[in-house]
Amino acid sequence: MRRASPNEVALRAIMCYNTPKKDGGFMLKSKIMTAIRRIFKPSADNVKIYRLKIWIRILCILLCVVLAGIACSCLALSKVSDLKWKYRGFSDGSGFEADKIRIYVDQGHNPAPYHNNGAEGNGLYEQDLTFDIGHLLAELLIEDGRFDVCLSRPDETTVLGTDNKSSLQARVDGAEGFDADYFISLHINSFTQDTANGIEVFVSNEGGESYDFGSCLLQGMIDSTNLRNRGMKLGSELYVLGNATVPAALLEMGFISNSEDAALLSEHPELFAQGIYNGILDYFESLNDININIMLWLIGILAVVAVALITIVIILIKKSKEKVTISPVITDEE
């Protein structure tokens with residue numbers, strides 16, 4: 001007689017279940033359930049190995065979480081360090097010029113009478129206002145020296161796409177082709193009631209880098225124009241926000257349908273450009289509040305925890321391979 005392992009018992013039970021007997025019947029399901037229970041609910045002699053395997057699985061899951069934390073922390077540290085370096089402009093005393101921060105400025109809509117043209121009100125056209133403010137913003141950023149800028153409409157005759165969707169996709173593609181670090185889309189709001197007024201900023205989700213970036217742009221415009229603050233809004237359904245691959249914000253810079261907002265947009269577009277520029281600077285200044293040393297300590301602690309978990313898992317695996325007495329199972333084979 002040969003002793004069979006629990007796994008062999010389960011396999012044999014399944015084979016017997018699917019094999020017709022001479023009388024046309026089948027093995028009872030209870031035999032399969034007995035075999036399965038023998039595997040997943042081991043005998044007292046096998047409890048030690050069972051518990052060790054459970055602990056190994058738990059520790060492996062914890063190890064994966066810790067490693068994911070290390071990876072995320074390293075990516076965040078790399079991004080913050082890179083942006084700080086670019087924002088400072090030059091390395092300390094070496095005279096080596098750092099790469100510039102690349103910002104894609106999308107002047108919303110196309111010129112009339114083409115597709116995807118914007119709203120109009122009080123004798124003004126959205127696409128004309130966004131075009132002017134975009135150019136003023138680009139001038140400020142380029143003059144700063146720490147930024148490279150790409151405009152979606154470098155001149156008044158630029159028409160993007162062949163219809164509304166392709167026009168929006170062209171802006172997303174333009175940002176990717178420029179290898180932008182950030183995406184800013186300029187727009188002017190409109191409403192049926194001319195009492196609606198103020199500035200609002202849309203981003204794809206709350207709490208991310210786009211939200212922080214957009215919040216700074218919003219506050220910068222509010223400070224420079226003194227228009228009503230309509231707050232941050234979520235707009236993942238907006239095409240450029242939903243498809244942008246970098247932190248992106250869509251700015252609704254007042255209401256063209258409101259006479260006071262429209263007058264300020266028309267007569268003082270530089271205030272909006274200056275506000276956006278100030279917001280960009282405030283955002284990058286806020287990065288200086290992030291302590292890189294603390295992030296390094298965090299990564300170090302996570303690394304130590306990961307090493308400890310790996311060591312424990314290895315020890316448990318070795319123990320689980322030790323010989324343990326298993327309740328014998330007798331087969332019908334001789």
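Counting from 1, the numbers follow the sequence of the chain as shown.
Asp212 and Ser215 share no donor-acceptor pair across their side chains, judged by distance under 3.5 Å alone. Neither side chain, Glu260 nor Asn197, offers a donor N or O lying under 3.5 Å from an acceptor on the other. Side-chain contact annotation: Tyr239 with Gln169, donor-acceptor N/O pair under 3.5 Å present.
Between Glu252 and Arg230, the closest side-chain pair of non-hydrogen atoms is not below 4.5 Å. Using a 4.5 Å cut-off on side-chain heavy atoms (C-beta onward), His115 and Leu160 make no contact. Asp181 places none of its side-chain heavy atoms less than 4.5 Å from the side chain of Val246. Looking at heavy atoms from C-beta onward, Asn229 lies out of side-chain contact with Met221 at the 4.5 angstrom threshold. The shortest side-chain heavy-atom distance between Asp282 and Gln219 does not fall under the 4.5 Å cut-off. Taking 4.5 Å as the limit, some side-chain heavy atom of Ile133 sits within range of a side-chain heavy atom of Leu265. Looking only at side-chain heavy atoms (C-beta outward), Gln193 and Phe255 stay at 4.5 Å or farther from each other. Within the 4.5 Å cutoff, side-chain heavy atoms of Ile184 are placed close to those of Ile276.
The side-chain hydrogen bond (donor to acceptor under 3.5 Å, both in side chains) test with Ser167 singles out one residue from Asn117, Asn116, Thr162, and that residue is Asn116. No option in Thr130, Asn110, Asp106, Thr158 other than Asp106 meets the side-chain hydrogen bond (donor to acceptor under 3.5 Å, both in side chains) test with Ser152.
Not a single donor-acceptor pair under 3.5 Å links the side chain of Thr225 to the backbone N or O of Leu271. Side chain of Gln107 to backbone of Phe131: a donor-acceptor contact under 3.5 angstrom is found. Proximity of a side-chain donor or acceptor of Glu126 to a complementary backbone N or O of Ile188 within less than 3.5 Å is detected. Between the side chain of Thr311 and the main chain of Val307, a donor-acceptor pair closer than 3.5 Å is present. Of the possible polar contacts, one joining the Ser257 side chain to the Phe191 backbone as a donor-acceptor pair under 3.5 Å is found. The backbone N or O of Asp148 lies less than 3.5 Å from no partner atom in the side chain of Arg102, so there is not a single donor-acceptor pair. The backbone N or O of Gln127 sits less than 3.5 Å from a side-chain atom of Arg153, completing a donor-acceptor pair. A distance-only check finds no donor-acceptor pair linking the side chain of Arg171 to the backbone of Val105 [under 3.5 Å]. Without hydrogens or angle criteria, Asp261 side chain to Gly198 main chain gives a donor-acceptor distance under 3.5 Å.
Separation of the Tyr211 and Phe202 ring centroids does not fall under the 6.0 Å cut-off. Between Tyr182 and Phe213, the ring centre distance stays below 6.0 Å.
Nearest approach of Asn189 to Glu200, heavy atoms of both residues: ND2-OE2, 2.8 Å. Residues Gly275 and Ser224 share a closest heavy-atom pair of CA-OG, 3.3 Å. Val203 and Ala248 make their closest contact through CG1-O, 3.7 Å (heavy atoms, listed as atom of the first residue, atom of the second, distance). Contact detail for Val159 and Pro111: the closest heavy-atom pair is CG2-CG, 4.0 Å. For the residue pair Leu251 and Leu217, the shortest heavy atom distance occurs at CD1-CD1, 3.9 Å. In plain terms, the two heavy atoms of Ile199 and Phe272 that are nearest each other are CD1-CE2, 4.2 Å.
No single ILVMFWY cluster, assembled from side-chain heavy atoms under 4.5 Å apart, contains both Leu136 and Ile103. Note on Ile256 and Tyr125: separate hydrophobic clusters, where clusters join Ile, Leu, Val, Met, Phe, Trp and Tyr whose side-chain heavy atoms are under 4.5 Å apart, directly or indirectly. Hydrophobic cluster membership is shared by Val201 and Leu234, with clusters built from Ile, Leu, Val, Met, Phe, Trp and Tyr side chains linked at under 4.5 angstrom. Side-chain heavy atoms closer than 4.5 Å link hydrophobic residues (I, L, V, M, F, W, Y) into clusters, and following such links, possibly through other members, connects Leu264 to Leu218. Residues Tyr104 and Leu140 fall into different hydrophobic clusters, defined by Ile, Leu, Val, Met, Phe, Trp and Tyr side chains chained together at heavy-atom separations under 4.5 Å.
We find the OH-CG distance between Tyr114 and Asp163 to be 15.0 Å, quoted to the nearest 0.5 Å. Distance check: Glu120 CD to Leu129 CG gives 11.5 Å after rounding to the nearest 0.5 Å. How far OG of Ser210 is from CG of Leu241: 7.5 Å, rounded to the nearest 0.5 Å. Here the straight-line distance linking atom OG1 of Thr245 with atom CG of Asp179 works out to 9.0 Å at 0.5 Å rounding. Atom CG in Leu124 sits 4.5 Å away from atom OG in Ser266 (nearest 0.5 Å). Distance CG/Leu186 to CG/Leu250: 8.5 Å, rounded to 0.5 Å.
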Taking it one step at a time, do Phe147 and Ile280 satisfy side-chain contact (heavy atoms from CB on, under 4.5 Å)?
CA-CA 10 Å; Phe147 302 94; Ile280 292 172; 3.9 Å; yes
Evaluation steps, salt bridge (Lys or Arg N to Asp or Glu O under 4.0 Å), between Asp144 and Arg146
CA-CA 6 Å; Asp144 180 284; Arg146 292 171 289 190; 2.7 Å; yes
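Judged as a ring pair (Phe, Tyr, Trp, His ring centres under 6.0 Å), and not counting sequence neighbours, Tyr277 has no contacts.
Atom CD of Glu143 has 12 or fewer neighbouring heavy atoms from other residues, nucleotides or ligands inside a 6.0 Å radius. Around atom CZ of Phe178, more than 12 heavy atoms belonging to other residues, nucleotides or ligands sit under 6.0 Å away.
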